[in-house]
Amino acid sequence: MKTHIIYLLLVITLFSCNTRSEITLILDKSLDARASFGVEKLKEALEEANYEVNVLTEFDKDKSKNQIIIGNWQDELVLEALRTLAFEEGDAGALGKEGFSLYGNGEQLMVRGKDSSGTLYGLLALKDQLLEEGVIDFDTNYSDQPEMVLRGGVIGVQKMEYLPGRKVYEYPYTEENFPWFYDKAHWIAYLDMLVENRMNSLYLWNGHPFASLVKLEDYPYAVEVDEATFQKNEEMFKFLTEEADKRGIWVIQMFYNIIVSKPFAEHHNIATQDRNRPITPLLADYTRKSIAAFIEKYPNVGLLVALGEAMQGEENDIEWFTETVIPGVKDGLQAIGLSEEPPIILRAHDTNAPLVMENALPIYKNLYTMHKYNGESLTTYEPRGPWSQIHKDLSQAGSIHISNVHILANLEPFRYGSPDFIQKSVKAMHEVHGANALHLYPQASYWDWPYTADKTAERLNQIDRDWIWYEAWARYAWNHQRDRDEEIAYWSKKIGDKYGDKQAGKYILDAYEETGEIAPKLLRRFGITEGNRQTLLLGMFGSQLVNPYKWRVYPGFYESCGPEGEILIEYARKEWENEDHVGETPTQIIQEVKRHGAKAVEAIENAIPSVTKDIEEFERLKNDIYCYQAFADFFHDKVEASLHVLRYSYSKNIEDLKHAVAPLEQSVAHFERLVELTKDTYLYANSMQTAQRRIPIGGDDGKHITWEEMLPHYQNELRNLKRNIAQLESNEKPDQVKEEIKPWNNVNVDWENSLGKKVNLKAGINLSKSSSMVVKRVADELESFEGFVLDDKQQIEDGTSLKFKADKPVKLVVGYFNTDQKGYLSPPTLETDAAGNDRGQAEPVILNAIELENLPRVNLHTYSFEAGNHELNLGKGKVLILGFVDGATPINPRDAGLIDPSEKVSVDWVFY
Ligand code: ADA
């Protein structure tokens, strides 16, 4: 008998070991696709954890153990369960949108969402807890909800270069252009990543998406994709929006206007985009109908509107938004009988958004605003200045204000994952800017979606490589008020799970956080500009450090994108004049970044013994850490050299200049190391490979995208410095300009409009019909050149328009005044006019080329035109039009130095 009992007990024990615990999910009948998606995810995880899962729609009051009751806040099932089961109900009023509560009473658990997204998030929270602990904890009792109301990811439906015959942002949605757009698995992976990170919006960026997505009765020729593609686009949009909606994600289509499709432009014989053209009835009608058709077809897809770039002038922006965009949305709603206004998001880029809002709110209530967090780079969690003011003005207007973490050009292409920096940035979004939503660009390679720049046998995907980027922003967008020590523990474990153990995780976290400071600090203290205009991690030239204003510093950048401090030239002057320094100094920053680099390397090397998983990725990450160190060291030494050069500009003591040689030599050596580290590991440094880049060097024709291509330039600077010192020592004046300057010859074109009288550019000549613009001196290039006498009053009122026919390629020579005073036309600013270098006009070719009596300095820019008919509309303001040279005329960029004798000559010649 005894043995029998023992045998029986054994059988029971064995049996119960094999028996899977049962769990019953009880769902309210009204659960929608979104909550059901969460149920599916929880069910999969339960089965994985060896639970046997039943799904019912009613619960059994008497036999209710191991039940999970799932529903939205006021669902019948939920209310009944609350009445009959012993749940401690939380404070319903306290929870906002997307919030959820998990109530456990030891035997049963309730997942109760404030809405379907809340239910989905509650289910995902429970799933995560199960994955963490291996069992369902029926004693759980807590509520949670996001702080930021929109937490979105961005994908550019754009490419690294322009398409032949098209301009910036003009990319039709086709399989050829964007194979990934048609890949459903890609979308599922991306959307799953978003929902796992509790992100609830997805933005697609494109210049003019409408001609790929809708057909218009009045403009049938506007469509720019073939019928099969058009149908595929419809299918993909439907698929994407449905799959996104299941995951609580709202799809938003971004567009720039006034851009029209290429076939539309050809049909009407107009340009697809022209920043200086007025709003015409045709453009307005086409756009209004495009928007209406889009809303009619995809009422659940949001619109994000950029009024900037392809249009200019505050009145135009207001008119376009209130008389074209909003009416277009309303027409679309009316066509499908909807009265509820969908949100429209207005970007503050290149427009006066507070003013536009003021004018738009009376006619449309559901408006959101968006502005770039630190411009187009990540530079600070202490934003201030004029750019912060725009955020404040917009967020105080009362609508939802979205902070846009845009482009991140200074982080390209290395891995970035500093939770500390990111947490502090989200805090600044709330506390400094008043934003309560996040719009997140990819960490790097925005223009090369979905790939990273790593040179691997098979391309890496951004969402895999840059997982920590998405996770960190999303985590703090959900809740930024998290204890730092707990965060260190959290990320150490997270990273440790990926690479080995918690120890490895902590070291790697340190390496991420140390390197996470380098690019932000350097750009905000030394950068000329941000975004696609400057690839920080390719380095900077000496001239850019000692004479930044020659490179046209982006106005507002220093004042907005970092704490108060000094730039290098200011620092050097104060040193020379024995003045006190204020705020963050350049020398402080170079020491700090050098330390960050060294500490990061130490940390990553400490991690090596505990790294046991994902070794290949760890090796790549480690290499990035070495790259960051080499870069920080390169910069440190180059700034030191530049300080000696600047000191020389005051002391005129050649010894000061000689002190620059050793640090410059070292900086080149560090750069050589960077070349070694990257040449087999990276395809490129920057993903926008067009003439939009200016710093350190133009990106024309896809050039200068690797460190290897940059090295000879830095070596050259060193050679030049040594040569110039030798020449100074041998008492010769250093030869700044090698060749003799050949005067340019005017070539003729056939004018279709009359500009004015042509005169020889010589001293005493007045170049203005309506005021005084008297020439004092001109650069040697212009010695026998002619220019136009223009009516500058009219230029201020109407702008300057040129219509001509050239029978061979030519370059138009234009003189821009170096000033931001009212009444003068500024050269194209690529920061807000991405098409501003289409004709090679963005950079000055001859600096200080004409001296005019009592007027600002004049820099020459040239616009290249092929043979044919052309129209060029320059904006409003004074500008000199000097005529044409043959397109093949060699032009050596230089500083002609025609400035008032009281002004200080720049010292950057030592690098040339
Ligand atoms: C700049 C940038 C563009 C785009 C634009 C914008 O012009 O070069 O690539 O990002 O800003 O829309 O903000």
Side-chain angles (χ1 to χ4, degrees), residues 152-163 166-171 203-209 252-259 273 275 303-312 317 320 345-353 356 369-378 387 390-391 394 402-412 439-449 523 527-536 552 554-557 560-561 686-695 698-700 826-838 841-843:
V154 180
I155 292 185
V157 194
Q158 324 213 42
K159 294 176 80 69
M160 300 208 280
E161 61 287 305
Y162 302 160
L163 294 179
R166 288 178 183 266
K167 295 192 189 155
V168 65
Y169 308 133
E170 295 176 9
Y171 301 102
Y203 299 81
L204 301 174
W205 280 54
N206 184 275
H208 182 73
I252 297 151
Q253 176 67 61
M254 182 269 178
F255 65 101
Y256 291 90
N257 260 313
I258 307 172
I259 296 183
Q273 52 178 307
R275 184 176 172 80
L303 286 180
L304 168 62
V305 188
L307 294 174
E309 303 249 347
M311 184 164 73
Q312 71 172 335
D317 292 355
W320 192 248
I345 306 172
L346 173 71
R347 294 187 61 207
H349 173 63
D350 191 27
T351 188
N352 183 344
V356 177
T369 55
M370 176 188 285
H371 192 40
K372 294 173 186 168
Y373 170 58
N374 289 162
E376 299 179 24
S377 296
L378 188 65
W387 299 3
I390 300 175
H391 283 282
L394 291 173
I402 307 167
S403 190
N404 169 5
V405 178
H406 196 94
I407 301 268
L408 293 321
N410 63 331
L411 307 184
E412 278 196 304
H439 173 94
L440 182 66
Y441 260 61
Q443 187 239 293
S445 298
Y446 165 75
W447 304 95
D448 196 12
W449 184 263
L523 191 75
I528 302 286
T529 178
E530 32 83 300
N532 301 311
R533 276 75 47 194
Q534 171 158 8
T535 304
L536 174 80
R552 293 208 287 129
Y554 188 19
F557 175 58
S560 307
C561 286
N686 53 323
S687 60
M688 173 169 269
Q689 299 169 1
T690 70
Q692 275 195 57
R693 177 157 44 88
R694 307 167 37 226
I695 315 287
D700 314 51
S826 296
T829 309
L830 284 168
E831 282 81 358
T832 50
D833 175 9
N837 202 25
D838 279 4
Q841 72 271 40
E843 294 306 325

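Any value given below was found using the heavy atoms of this structure, including those in side chains, with hydrogens, waters and symmetry copies removed. Whatever order the structure lists them in is the order used to number ligands and atoms, beginning at 1. Just so it is clear, the structure is predicted and the values come from calculations on it, not from any experiment.
- Taking every heavy atom of Lys372 and a limit of under 4.0 angstrom, the matching atoms of ligand 1 come to 6 (C), 11 (O), 13 (O).
- Under 4.0 Å from ligand 1, not a single heavy atom of Asp350 appears.
- Annotation: atom 3 (C) of ligand 1 to nearest protein heavy atom, Tyr169 OH, 3.1 Å.
- Ligand 1 has a nitrogen or oxygen under 3.5 angstrom from a nitrogen or oxygen of Gln692.
- Of the candidates Glu376, Met254, Arg533, the one placing a heavy atom closest to atom 8 (O) of ligand 1 is Arg533.
- In terms of protein heavy-atom proximity, atom 10 (O) of ligand 1 is nearest to His406 NE2, 2.7 Å.
- Within the listing of ligand 1, atoms 12 (O) sit less than 4.0 angstrom from a heavy atom of Trp205.
- A distance-only check finds a donor-acceptor pair linking the side chain of Thr690 to the backbone of Gln692 [under 3.5 Å].
- Which parts of ligand 1 touch Leu830 is read off a 4.0 Å heavy-atom cut-off, strictly below it: atoms 7 (O).
- Relative ring orientation between His406 and His349 is described as parallel, the plane-to-plane angle staying below 30° on a 0-90° scale split at 30° and 60°.
- For atom 12 (O) of ligand 1, the closest non-hydrogen atom on the protein side is Tyr256 OH, 2.4 Å.
- Residue contacts with ligand 1, taken as heavy atom pairs separated by less than 4.0 Å, involve Trp447 solely via side-chain atoms from C-beta onward.
- Counting only heavy atoms from C-beta outward, the side chains of Val305 and Phe255 approach each other to under 4.5 Å.
- At least one donor-acceptor pair closer than 3.5 Å links the side chain of Glu309 to the backbone N or O of Ala834.
- Looking from atom 7 (O) of ligand 1 to the surrounding protein, the closest heavy atom is Glu309 OE2, 2.7 Å.
- Under the 4.5 Å side-chain criterion, counting only non-hydrogen atoms from C-beta, Asn532 is not in contact with Arg693.
- For ligand 1 and Arg347, the ligand atoms under 4.0 Å from any heavy atom of the residue are 6 (C), 12 (O), 13 (O).
- Within ligand 1, counting atoms from 1 as listed, the ones closer than 4.0 Å to a heavy atom of Glu831 are 1 (C), 7 (O), 11 (O).
- In this structure, the side chains of Tyr203 and Met254 stay at 4.5 Å or more apart for every pair of heavy atoms.
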Report task. Apply salt bridge (charged side-chain N to carboxylate O under 4.0 Å, His left out) to Arg275 and Asp350, showing your working. Result -> CA-CA 11 Å; Arg275 184 176 172 80; Asp350 191 27; 2.9 Å; yes
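- Looking only at protein heavy atoms, the nearest one to atom 9 (O) of ligand 1 is Asn532 ND2, 2.7 Å.
- Trp205 pairs in a side-chain contact (heavy atoms from CB on, under 4.5 Å) with only one of the listed residues (Val157, Ile155, Val154), which is Val154.
- Side chains of Glu170 and Tyr162: a donor-acceptor N/O pair is absent below 3.5 angstrom, by distance only.
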